[in-house]
Amino acid sequence: SMHEESLSPRRVRCPYCDAPFDLLLDASQGSQLTWEDCHVCCAPIQVRIDADPIEPEALTVTLGRDDEVL
């Protein structure tokens, strides 16, 4: 189940069209690789989320195109 309190929005930009959007990050999920479709250009965006081992709430977000290796 999704816990609202663990979701935090992160302002990011689409690596294809540069449109800004809010990515909802769930710190309880830890590090992960997921996909988001841009709501403007509909391109598939790779989203890599890295949790800090010391501060699990501190997430690093990397966005890439579908052919990039993150």
Side-chain angles (χ1 to χ4, degrees):
S1 66
M2 300 286 273
H3 299 294
E4 288 296 320
E5 64 273 10
S6 66
L7 291 178
S8 58
R10 177 77 58 94
R11 197 70 164 166
V12 294
R13 285 183 173 275
C14 173
Y16 297 90
C17 73
D18 205 40
F21 63 97
D22 283 330
L23 200 58
L24 276 182
L25 301 180
D26 186 350
S28 70
Q29 295 292 315
S31 298
Q32 56 188 301
L33 186 60
T34 181
W35 292 84
E36 286 279 332
D37 285 337
C38 177
H39 64 283
V40 176
C41 72
C42 299
I45 304 166
Q46 272 191 91
V47 180
R48 181 175 159 184
I49 298 165
D50 292 298
D52 189 297
I54 293 117
E55 274 188 88
E57 301 293 309
L59 300 176
T60 305
V61 180
T62 312
L63 267 57
R65 296 168 182 248
D66 65 349
D67 58 350
E68 288 181 306
V69 178
L70 296 187

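- Side chains of Ile45 and Cys14 form a contact here, defined as non-hydrogen atoms less than 4.5 Å apart.
- When each of Val40, Asp66, Leu63 is paired with Tyr16, the side chain to side chain contact (heavy atoms under 4.5 Å, CB included) condition holds for Asp66 and for no other.
- Note that the OG1 atom of Thr60 and the CG atom of Asp52 stand 7.0 Å from one another [nearest 0.5 Å].
- Of all non-hydrogen atoms in Ala27 and Glu57, the two that sit nearest each other are CB-OE1, 3.5 Å.
- In this structure, the separation between CZ on Arg10 and CG on Leu24 is 11.5 Å, given to the nearest 0.5 Å.
- In this structure, Leu23 CG and Arg11 CZ are separated by 11.0 Å, a value rounded to the nearest 0.5 Å.
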Stepwise side-chain contact (heavy atoms from CB on, under 4.5 Å) test for Glu68 and Gln46:
CA-CA 8 Å; Glu68 288 181 306; Gln46 272 191 91; 4.3 Å; yes

For Val61 and Val47, run side-chain contact (heavy atoms from CB on, under 4.5 Å): C-alpha distance rounded to whole Å, both residues' side-chain angles, the deciding distance at 0.1 Å, then the answer.
CA-CA 7 Å; Val61 180; Val47 180; 4.1 Å; yes

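- In this structure the side chain of Ile49 reaches within 4.5 angstrom of the side chain of Leu25, judged on heavy atoms.
- Heavy-atom minimum distance, Ser31 versus Ala51: OG-N, 2.9 Å.
- Of all non-hydrogen atoms in Arg13 and Asp18, the two that sit nearest each other are NH1-O, 2.6 Å.
- Remark: the backbone N or O of Pro15 is paired with a side-chain donor or acceptor of Arg65 at under 3.5 angstrom.
- Formation of a donor-acceptor pair under 3.5 Å by the Arg48 side chain with backbone atoms of Val69 is not found in this model.
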